Structures are given as C-alpha cells and as structure tokens.
Amino acid sequence: MRRRAGAAALLAAVTALTACTGGEPSPTPSATVAEPVATVSAPAPGASSTPSPTPTVGTLAWGPTVADWDDALATARALPLRRAAGQVIVADLYSPDPAAAAALVRDHHLGGVILMGGAAPSAEAVAALAHRVQQADDRDWPVLVSADEEGGIVSRLSAAVPSLPSFMAAGAATDDAAVTEAYRSSATDMRALGVLVDYAPVADVTLGPADPIIRTRSAGDDPDGVAATVTAAVAGFVDGGVVPVIKHFPGHGSVTVDSHAGLPVQERSVARLARTDLVPFARAIEAGAPAVMMGHIAVPAWGDGPATLERKAYGYLRDELGFTGVAITDALNMAAVADGRTSGQVAVRALRAGADVLLMPGDPGDVIDAVAGAVHDGQLSRDRLDEAAARSILLMRWADGLGGGEPSPAYARTFAAAGTTVAAEDCTRPLVRRRAIVVAGPDDAAAALTRALEARGVETGEGGTSIALLSSGGYRATADVVVTLGGPWGLFDSTADAYVATYGDSAASIGALADVLVGDAEPGGDWPVSLEGALPACAA
C-alpha cells in the first residue's frame, strides 16, 4: 500500500486543531487558556477502584480545559448515587417512538441512547426522537444521542443520511482531504438530526480474509496508512459537529474470533501491538481523538479477560498513549463479555477497570441497582463512578459547542469515486463507451448499475463492454470489467481487462461506479491492502 504524501502534514494540522486554544469550540470561555497539553493517568489498581489522577492546569489534548473538567467533576459529585450510575449508561433503542425513548432516559437519568435497527426509519423520525430525548429531564448538558454509522455494511442511519461506502474506501482514497470532507459532511447531516456521537471510525488494522468481522470496515492492512485515514476522518467528524469514537482498542482486525460470538485472544505481544495494531490509536489520540471504544479482546499481558474489563488495558491507554478522553465500552451484551456474567457484574467490573461509558449494558434499572449496590458495599468507589460520570458530562458539554457549516453536494457519491480503485492496462480511456451489459452480479446491484449507465447515455443489453459485479473478490468471473463490491481479496483470480473495487454497494457507490466507468469521475483509490497478483492502481 502506498504511503500517503500528505499524512504527516495532516496529522500536524489536526493536532493543532484539537490541542490548541484556537481550535475546536469549547462550551465555556475558559477554553481560551493556552497551556501545555495535560494527561490523565490510569485508574490505580486495588479493590477500591480509585479514580485516575487529574491534571491541575492546562488543556486536555482533545479540547476542553482543566477548568471544564473541574466543573464536570463537581457536577458529577453533586448527583445522587443512582443518577450518577445512570449517567454512565448508553441504552439501546429499537423503536422510533420519541415518547418511549424520552421516558427511558427520564426514568433512569441515562447518559445516552444508541439508535439501533428500527429506531431510525427516516430522517424525520430520528430528528423527532432526538429532540424529545433532549427534553427528557432537567440536566444542563446534552443527552448522548449516538449511532453506529460506519458506512458500508454497518450503517444504522442509512434511511436517514446518505450512506458512505465501507471505511476501506477511505483507506483506498489517495486524497486525505477527500476523506476529511466526506466525514465532515456526513457528520453535519447527522448533527442536523440531533445525533451527537458516532461509533466510528474503525481504527483496526485488518489481517485480511482470516479476519472474521472487520475486513472492509478497516481502512487497510498497513498501520501507517490506517493511522492517516483514521486521523483524517476524526478531523472531519469533529469539524462537522459529531463526536467520533475510534474503535476497537487494542485492535480487532488481527484476531480470528468474532467478539460477538466468543472471546478473541490476541497472541501478539504488547511490544508488537505497539508497532502494528496500536499505531492508529496512538496517532489519533495524539491528534486529539476525544473518545475510544474498548474492544472485547483479551491481551494476556493485561489479564485473562477482555480489555473492556481489565485495568491494565485502560492503564496502557492512559499512561502509555496519554489518552485524556472518554473510554467507552463496546456493547456489553456481546458474548465475549456477557457469557457467564450478569449484566450487573459486567457493568461493575468495567467501571472498576476504568470504563467511563457503558454501552448497551442490559436493562438500565438492573444495571443501576448493581452499580449503586457496588458503591454501597465497597466493590466500587464513588470517586471512580464520579470520574466516569464526569467524563461523560464533559464530553457532551464539549460536543454542545461543535458544529456549523453545510454538507457538500452529493458528498457520498463524490467520496465513493475518490475511493474507487481501478487497475487497467490503459488508464487514459473510459472503461465503458457506447454499449455495455452487466453479465453477472447481485440482482439489485446489477439493475441499479444498468439504470445508472443508461442515465449516462450508455446503451445496455446485448453487446458492448461486459461487466461482472461480485459481492467480494472471493468470487470469480470473466468479463471485460470485473468489479468487487466488497472486499478486494481474490479479485485478481478473475479474468478481465480492468479490475475495480468499490468497497460498497449503496446507491452512492453504484452511482460513483457508473461515473468512473464512463469517465465522468476519476477513480481516486489505490489498493488499501496487499493483494496477490494485483496490477498497479490507476491512481497510484
């Protein structure tokens, strides 16, 4: 994979944007203080679950000042115990009913909600739900309204905002500015609907086909390339007004077990992880990433359990990487953490380890009972709970000051073209001219591409350029042009004059593919992963 020419410059620019006083808006005038960046250490070991030491002067790397932190901590300490316990919970919603969502937040004083399948059937529904939730109780900071909108196969808001291709398209794009602009525009659309936090971008480095769950959700297989892509996306999210959550620390792309189904064990040493999987996290944190999702991945040097539940994992994040932001768990209903444990046990253990926000921990009432009970009987210190609640409050106060601007026109299609990768013997001529026929592919995608080509003046039917669409490069075809809509691995086992990867099959991706085929748009992608037998990309 090529090294991005602008990666170093972009990293420096984003670091300046998020760490300096002239950068992102802060919710209070105290953000004008210009002091050296301060760090927060990890939770100290011990049954009391003591909180992390906090800095006394300066500005946190991701934007707020220490004065902002002090205010948030004072707010958290003043909360009744059960309300503090509710503040660290983000509950899952499956219905677009605004009244039901508001009642859930009000009854338990939840820190936030995540919109899952069924909760986002339209832009109007999302906006109505988010608006109602923000009026649920008397807090003076926003409710954490969030979504899992990565693009590609993980697009919970696809009915509400334009869906971007999988993040691997961002890794393929040779123009980092195009990546930043796409995620800025997407964030602007989400922010306009009231979605304030997105569990993206994925910072995992994929190992390829042996990776059972991340694959094209990753930007690629080169740590430096992934780091540059993640940093570019984080800058876009923040500029568009949405808090990005980089995931899944310490990296889910190099393990071969899906944490939804079981506990992956990372066989690499921490020293090796520091040279591979952890590189994108370290770079994004250095550039001011405000939130990190802890993955359900066991690293033996940190303990037998998933990183989500291990103090040493949070210790590495804060002590070694200097992270001062918010540590959010991956969904706590996943098998890697939930098997053999009650929801209350998982929640308490995650908080004791150093988690600040519990994502989808189970029934909120039961979890609040467990957390409050753990504080009462000394299993969890009130100081540790207050620290977690304060970080959640601080994040949302900071997020309240973000946003502004408008999305770029047709940004999803423009970005899809910027990431589309083409390899052909002659990169100077259009791949399709007067006539074309789609000879293979998923029915919906084949029909959509046929319509898109016809709209661009191409005659379709018998004769002309033959185009085969594959759901992934793992399938084979023979055609003039072979296109993989999913992962690119195995693409060059097909026989073609031109090979194309789109990393997605959304309407925007198909539209961009048609643009590229007829020469209306330049394919801006290079291969984001190593491919056996690959021809050089036209954009290389």
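If you read the sequence from its start, that first residue is 1, and numbering goes on from there. Small disclaimer: the values here were computed from a predicted structure and weren't measured.
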* Tell me, do V113 and S146 make a side-chain contact under 4.5 Å, heavy atoms counted? -> no
* **Over all atoms of both residues, closest heavy-atom pair of P201 and F167** => CB-CZ, 3.6 Å
* Check the pair V197, V245 against side-chain contact (heavy atoms from CB on, under 4.5 Å), reporting the backbone distance first and the verdict last. => CA-CA 7 Å; V197 176; V245 182; 3.7 Å; yes
* To do: Could you pull out all residues at least two apart from D138 that satisfy side-chain hydrogen bond (donor to acceptor under 3.5 Å, both in side chains)?
  => R83
* Asked: Taking the side chain as C-beta and beyond, is there a heavy-atom pair between T308 and Y314 under 4.5 Å?
  -> yes
* Looking only at heavy atoms, what is the nearest atom pair of A298 and D304, with distance? -> CB-O, 3.8 Å
* To do: Using distance alone, with no hydrogens and no angle criterion, decide if S163 and S506 have a side-chain donor and acceptor under 3.5 Å apart.
  => no
* Asked: Does a side-chain heavy-atom distance below 4.5 Å link L395 with P290?
  -> yes
* **Over all atoms of both residues, closest heavy-atom pair of V255 and P212** => O-CD, 3.4 Å
* Rounded to the nearest 0.5 Å, what separation is found between the CH2 atom of W141 and the CZ atom of R397? -> 6.5 Å
* To do: Considering only NZ, NE, NH1 and NH2 on the basic side and carboxylate oxygens on the acidic side, decide whether E286 and R283 come within less than 4.0 Å.
  => no
* **Side-chain ion pair, D383 and R77, N-O less than 4.0 Å** => no
* Given side-chain contact (heavy atoms from CB on, under 4.5 Å), test R384 with R352 step by step and report yes or no. => CA-CA 7 Å; R384 171 79 268 275; R352 280 169 51 85; 5.9 Å; no
* Structure fact -> For V179 and T229 the tightest heavy-atom approach is CG1-O, 4.1 Å
* Asked: Is there side-chain contact between R341 and R349, with at least one heavy-atom pair below 4.5 Å?
  -> yes
* To do: Assess whether atom CG of D140 is packed by more than 12 heavy atoms of other residues, nucleotides or ligands within 6.0 Å.
  => yes
* Decide whether D366 and S343 meet the rule of one side-chain donor and one side-chain acceptor closer than 3.5 Å. => no
* Asked: Do you see a donor-acceptor pair shorter than 3.5 Å between the side chains of E406 and T188?
  -> no
* Measure the OH-OG1 distance between Y503 and T216 for me, rounded to the nearest 0.5 Å. => 10.0 Å
* Any idea which heavy atoms bring A350 and T329 closest together, and the distance? -> CB-CG2, 4.2 Å
* To do: Hey, could you give me the CH2/CG distance between W302 and L273, rounded to the nearest 0.5 Å?
  => 6.5 Å
* **Main-chain N/O of S408 paired with S185 side-chain donor or acceptor, under 3.5 Å** => yes
Donor-acceptor pairs are to be reported for all side-chain atoms of residues 96-108 against protein atoms at under 3.5 Å, with residues two or more places apart or in another chain.
residue: D97; atom: OD1; partner: A99; partner atom: N; Å: 3.0
residue: D97; atom: OD1; partner: A100; partner atom: N; Å: 3.4

* Within the side chain of D71, is there an N or O that forms a donor-acceptor pair under 3.5 Å with the backbone of D68? -> no
* Interatomic distance, L394 atom CG to E387 atom CD [nearest 0.5 angstrom] -> 11.5 Å
* Inter-residue atom distance M396.CE - L144.CG, 0.5 Å rounding -> 4.5 Å
* Are any side-chain N or O atoms of R391 and backbone N or O atoms of D356, one a donor and one an acceptor, separated by less than 3.5 Å? -> no
* Would you say the side chain of W62 lies within less than 4.5 Å of the side chain of V238, judging by non-hydrogen atoms? -> no
* Asked: Any donor and acceptor pair, going by atom type alone, linking the side chain of T180 with main-chain N or O of A232 inside 3.5 Å?
  -> yes
* To do: Spell out, as yes or no, whether a donor-acceptor pair under 3.5 Å connects the side chain of D92 to the backbone of M360.
  => no
* Hey, could you give me the CD1/NE2 distance between I89 and H109, rounded to the nearest 0.5 Å? => 12.0 Å
* To do: Please work out which of the three classes, parallel, tilted or perpendicular, describes the rings of F249 and F281, given edges at 30° and 60°.
  => perpendicular
* Is there a side-chain contact between V154 and Y199 (heavy atoms, below 4.5 Å)? -> no
* Asked: Does some side-chain heavy atom of E149 sit less than 4.5 Å from a side-chain heavy atom of V242?
  -> no
* Report yes or no: does T231 contribute a side-chain atom to a donor-acceptor pair with the main-chain N or O of A228 at less than 3.5 Å? => no
* Is there a side-chain contact between E150 and D198, using heavy atoms and a 4.5 Å cut-off? -> no
* Where do R215 and I153 land on the side-chain contact (heavy atoms from CB on, under 4.5 Å) test, with the steps shown first? -> CA-CA 11 Å; R215 296 194 182 187; I153 61 174; over 6 Å; no
* If you measure only the distance, is there a donor-acceptor pair under 3.5 Å linking the side chains of S186 and D189? -> no
* Asked: Just by distance, do the side chain of D211 and the backbone of I213 share a donor-acceptor pair under 3.5 Å?
  -> yes
* Closest contact, heavy atoms only, A412 versus L164 -> CA-CD2, 3.7 Å
* H296 side chain to A331 backbone, donor-acceptor under 3.5 Å -> yes
* Asked: Is a donor on one side and an acceptor on the other found under 3.5 Å between the side chain of D204 and the backbone of H248?
  -> yes
* To do: Indicate yes or no for a side-chain donor-acceptor contact from R318 to the backbone of G325 under 3.5 Å, with no hydrogens or angles considered.
  => yes
* Carefully, step by step, assess D330 and M294 under the rule side-chain contact (heavy atoms from CB on, under 4.5 Å). => CA-CA 6 Å; D330 202 347; M294 302 296 291; over 6 Å; no
* Asked: What residues, two or more places apart in sequence or in another chain, satisfy ring-ring contact (aromatic ring centres under 6.0 Å, His included) together with F237?
  -> Y183
